[in-house]
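Notes for the one structure printed next.
Just so you know, these numbers use all the heavy atoms, side chains as well, and skip hydrogens, waters and symmetry mates.
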Amino acid sequence: MKYTVLMVLVTVAVSAQTRALHIPYPRETPMVDLMEATSIGAAPVNVTLYYEVLCGGCHDFITTTLVTAVKALGDDGSIMNFHFIPYGNSLETWNRTTSQWDFSCQHGPEECVGNTVDACVIHYKPKFKDHYRFIVCFEKNVDYKSQAWKEALEKCGKRYDMPVEEIASCVTTKLGNTLEHEMALRTGPHQWVPWLILNGVHTPQAGDNLLRAVCKAYKGPKPKGCP
């Protein structure tokens with residue numbers, strides 16, 4: 001009888017100690033669809049791209065890396081709030097004679113025209129979902145020799161319901177000059193392009209895998225498109 005009581009006491013003590021030391025395993029962040037993820041209310045990841053239109057690396061990023069991320073995360077800004085800044089490594093000086101800005105671009109004057117096209121497109125269609133596909137199309141189709149940029153504007157503009165005539169006018173007038181100057185003001189210190197900033201912090205790895213970088217930075221449940 002004495003031994004039976006002792007064994008019961010030992011069993012109770014061990015059980016209590018086990019409960020006291022029990023540490024639950026952390027749960028993995030659930031994977032949910034985009035509709036459910038956005039309904040939870042987590043803030044989107046702010047992404048800013050410094051780029052220039054004739055930069056090969058910028059072209060590859062926009063037409064492949066960015067496209068992959070948008071396909072997975074959507075284009076409504078609820079998960080990824082993306083901003084194009086078409087200026088890159090350009091320089092500007094104020095021309096007192098014309099009362100406009102003179103731009104000098106890394107890949108020549110044709111690149112300055114292309115940067116201004118994108119600035120004008122963003123002006124007329126400020127929502128990312130409304131200008132993103134045009135910019136991808138423009139990168140794939142533009143040829144800046146002579147006035148061939150107009151052909152790319154015409155082709156991509158009609159495809160994605162852009163005000164083509166207004167944009168063409170914008171590019172060659174003071175409006176476009178002013179808009180490109182605003183892009184210059186929005187371009188912070190950087191060492192190369194494409195230059196990716198996530199939530200205010202330069203994030204080089206986003207240039208190789210934007211989707212992974214955004215999914216890592218997003219604080220809500222991870223959408224199913226995340227790797």
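- Between H131 and F84, the two ring planes are perpendicular [angle over 60°; tilted spans 30° to 60°].
- Within the 4.5 Å cutoff, side-chain heavy atoms of V136 are placed close to those of V67.
- Using a distance-only test at 3.5 Å, with no hydrogens or angles considered, a donor-acceptor pair links the side chain of K222 to the main chain of Y218.
- Under the 30°/60° scheme for interplanar angles, the aromatic rings of W94 and W101 are found to stand perpendicular.
- Side chain of H59 to backbone of L54: no donor-acceptor contact under 3.5 angstrom is found.
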Practice problem: Verify side chain to side chain contact (heavy atoms under 4.5 Å, CB included) between F103 and T93, making sure each step is shown before the conclusion. | Solution: CA-CA 7 Å; F103 298 104; T93 55; over 6 Å; no
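- Contact of the Y50 side chain with the I197 side chain is registered, since non-hydrogen atoms from C-beta on lie closer than 4.5 Å.
- A donor-acceptor pair is defined here as one N or O able to donate and one able to accept, closer than 3.5 Å; no such pair exists between the side chain of N95 and the backbone of D102.
- When the side chains of ILVMFWY residues are joined at heavy-atom separations under 4.5 Å, either directly or via intervening members, L91 and V113 end up in two distinct hydrophobic clusters.
- L211 approaches G225 most closely through the heavy-atom pair CD2-O, 3.5 Å.
- Put simply, the side chain of C156 does not reach to within 4.5 Å of the side chain of K140, judged on heavy atoms.
- No hydrogens or angles considered: a donor-acceptor pair under 3.5 Å links the side chains of N89 and H190.
- Residues C120 and L179 share a closest heavy-atom pair of CA-CD1, 4.0 Å.
- Between V47 and H83 there is no side-chain heavy-atom pair separated by less than 4.5 Å.
- Between K150 and E154 no salt bridge is recorded (no basic side-chain N to carboxylate O distance below 4.0 Å).
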Self-check item: Test side chain to side chain contact (heavy atoms under 4.5 Å, CB included) applied to L210 and M80, step by step
Solution: CA-CA 10 Å; L210 178 63; M80 178 177 68; 3.8 Å; yes
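- Smallest separation of non-hydrogen atoms from S99 and K174: O-CE, 4.0 Å.
- For the pair S169 (side chain) and E166 (backbone), a donor-acceptor distance under 3.5 Å is absent.
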Quiz item: Yes or no on salt bridge (charged side-chain N to carboxylate O under 4.0 Å, His left out) for D75 and K127, after CA distance, side-chain angles and deciding distance?
Solution: CA-CA 9 Å; D75 61 3; K127 292 183 179 180; over 6 Å; no
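- I85 places none of its side-chain heavy atoms less than 4.5 Å from the side chain of L49.
- N81 places no side-chain N or O within donor-acceptor distance of the main-chain N or O of G77, the cut-off being under 3.5 Å.
- When every heavy atom of P223 is checked against every heavy atom of I79, the shortest pair comes out as CG-CD1, 4.1 Å.
- Ring geometry for W195 versus H202: interplanar angle under 30°, hence parallel rather than tilted (30 to 60°).
- Of the possible polar contacts, none joining the Y132 side chain to the I135 backbone as a donor-acceptor pair under 3.5 Å is found.
- What you find for S78 and P44 is that their closest heavy atoms are O-CB, 3.4 Å.
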Exercise. In sequence, state the C-alpha distance, the side-chain angles, and the governing distance for E180 and Y87, and then conclude on side chain to side chain contact (heavy atoms under 4.5 Å, CB included).
Key: CA-CA 7 Å; E180 186 59 12; Y87 186 78; 3.3 Å; yes
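- Between I122 and P86, the shortest heavy-atom contact is CD1-CD, 4.3 Å.
- Crowding of E165 atom CD: a count of heavy atoms from other residues, nucleotides or ligands under 6.0 Å not exceeding 12.
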Quiz item: C55 and Q106: side chain to side chain contact (heavy atoms under 4.5 Å, CB included), yes or no, with the steps?
Solution: CA-CA 9 Å; C55 157; Q106 185 174 6; 6.0 Å; no
Quiz prompt | Working for side-chain hydrogen bond (donor to acceptor under 3.5 Å, both in side chains), residues N115 and Y51 | solution = CA-CA 9 Å; N115 291 342; Y51 75 105; over 6 Å; no
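- Centroid-to-centroid, the aromatic rings of F134 and Y160 stay 6.0 Å apart or farther.
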